[in-house]
Structure formats: structure tokens, C-alpha cells
S.K.: 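One structure coming up, written as C-alpha cells, with questions to follow.
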Amino acid sequence: MAFANKTNNSSEEKKYFNVKGNNGRVENVRLISDKVACFTLKCDGASFYNLKVVDGKKGQFIAVPSQKGKDGQYYNQYGLYLSDEDTADIIDCVIAKVQ
């Protein structure tokens, strides 16, 4: 059985996950290198495991777990769209727990 490879070219606006409105909290922070910290984001009704704060060349960002495909490319295991404010708050919280 083969799966159809469909692309979603929807022009719909992205829906951002409201971390504060869902009682989001950062837990299980662990430093895995000098530029990467792993953590869990727990919210009402959902837990997002193995998120990473990465200190990259263009600044700090949150990365979701990814997996290497048969073609050698890496693919996100899920999408989590956060507002700039929520992203900054989460990064600050992770950094505070690492120090």
C-alpha cells in the first residue's frame, strides 16, 4: 500500500498555540550541550516532549523533535506554532532553569 504525497498549499492563516491560556509550564530542563537545552512543555490537555532551545548563529529558537527520513532529510515529528511572545517567555524560563 502506498501513501499519496499531498502538499498542503492552503492559504489559511497559521493558528498559534496559546501557552499562557492553557496553563503552560516548562519542566524537565536538561542541558545536552553548551548550545542546546531539552525540555518538556506541559499544558492543559497536552505535553510536548523533547523540545529544544537552540543557541544558533541567528539567535535562540525552539526546535521540535525531528526524525531522519529515508531520503536523508530531517522531518519535524509535529508542528507547534508559538507566538513571538510565548517563544521568548519559554526561552527565558528554560535559560533560568539551566543556570
S.K.: What distance separates Asp86 CG from Asn22 CG, expressed to the nearest 0.5 Å?
M.R.: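 Going from CG on Asp86 over to CG on Asn22, the span is 10.0 Å.
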
S.K.: Do Tyr16 and Leu80 belong together in a cluster built from hydrophobic side chains that touch within less than 4.5 Å?
M.R.: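 No, no single cluster joins them.
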
S.K.: Any chance you could lay out the side chain to side chain contact (heavy atoms under 4.5 Å, CB included) test for Cys43 and Phe17, step after step, and finish with the verdict?
M.R.: CA-CA 10 Å; Cys43 301; Phe17 183 76; 3.5 Å; yes

S.K.: I'd like to check the salt bridge (Lys or Arg N to Asp or Glu O under 4.0 Å) partners of Lys20; sequence neighbours left out, ordered by chain and number.
M.R.: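 For Lys20, the residues satisfying salt bridge (Lys or Arg N to Asp or Glu O under 4.0 Å) (neighbours in sequence not counted) are Glu85, Asp89.
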
S.K.: Spell out, yes or no, whether Leu31 and Leu41 are grouped together once hydrophobic residues are joined by side-chain heavy atoms under 4.5 Å, including indirect joins.
M.R.: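 Yes: a chain of side-chain contacts under 4.5 Å links Leu31 to Leu41.
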
S.K.: Sorted by first residue and then second, give each side chain to side chain donor-acceptor pair (under 3.5 Å) pair with at least one member in residues 28-37; sequence neighbours left out.
M.R.: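 Qualifying pairs, neighbours excluded: Arg30-Asn50.
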
S.K.: Run the side-chain donor-acceptor check on residues 52-72: report pairs under 3.5 Å with partners two or more places apart or on a different chain.
M.R.:
{"unit_1": "Asp71", "atom_1": "OD1", "unit_2": "Gln73", "atom_2": "N", "d": "3.0"}
{"unit_1": "Asp71", "atom_1": "OD2", "unit_2": "Tyr75", "atom_2": "OH", "d": "2.6"}

S.K.: Sequence neighbours excluded, which residues qualify as side-chain contact (heavy atoms from CB on, under 4.5 Å) partners of Asn23?
M.R.: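 In terms of side-chain contact (heavy atoms from CB on, under 4.5 Å), with neighbours along the sequence ignored, Asn23 is linked to Asp44.
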
S.K.: Tyr78: which residues meet the ring-ring contact (aromatic ring centres under 6.0 Å, His included) condition with it, sequence neighbours left out?
M.R.: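 Tyr78: ring-ring contact (aromatic ring centres under 6.0 Å, His included) contacts with Phe48.
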
S.K.: Suppose the criterion is ring pair (Phe, Tyr, Trp, His ring centres under 6.0 Å): which pairs have a residue in residues 79-99, not counting sequence neighbours?
M.R.: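 Matches after skipping sequence neighbours: none remain.
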
S.K.: To the closest 0.5 Å, what do you measure between CD1 (Ile95) and CD1 (Ile90)?
M.R.: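 CD1 of Ile90 is found 12.0 Å from CD1 of Ile95.
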
S.K.: Taking atom OH of Tyr49 and atom CD of Glu27, what is their separation to the nearest 0.5 Å?
M.R.: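 It comes to 9.0 Å.
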
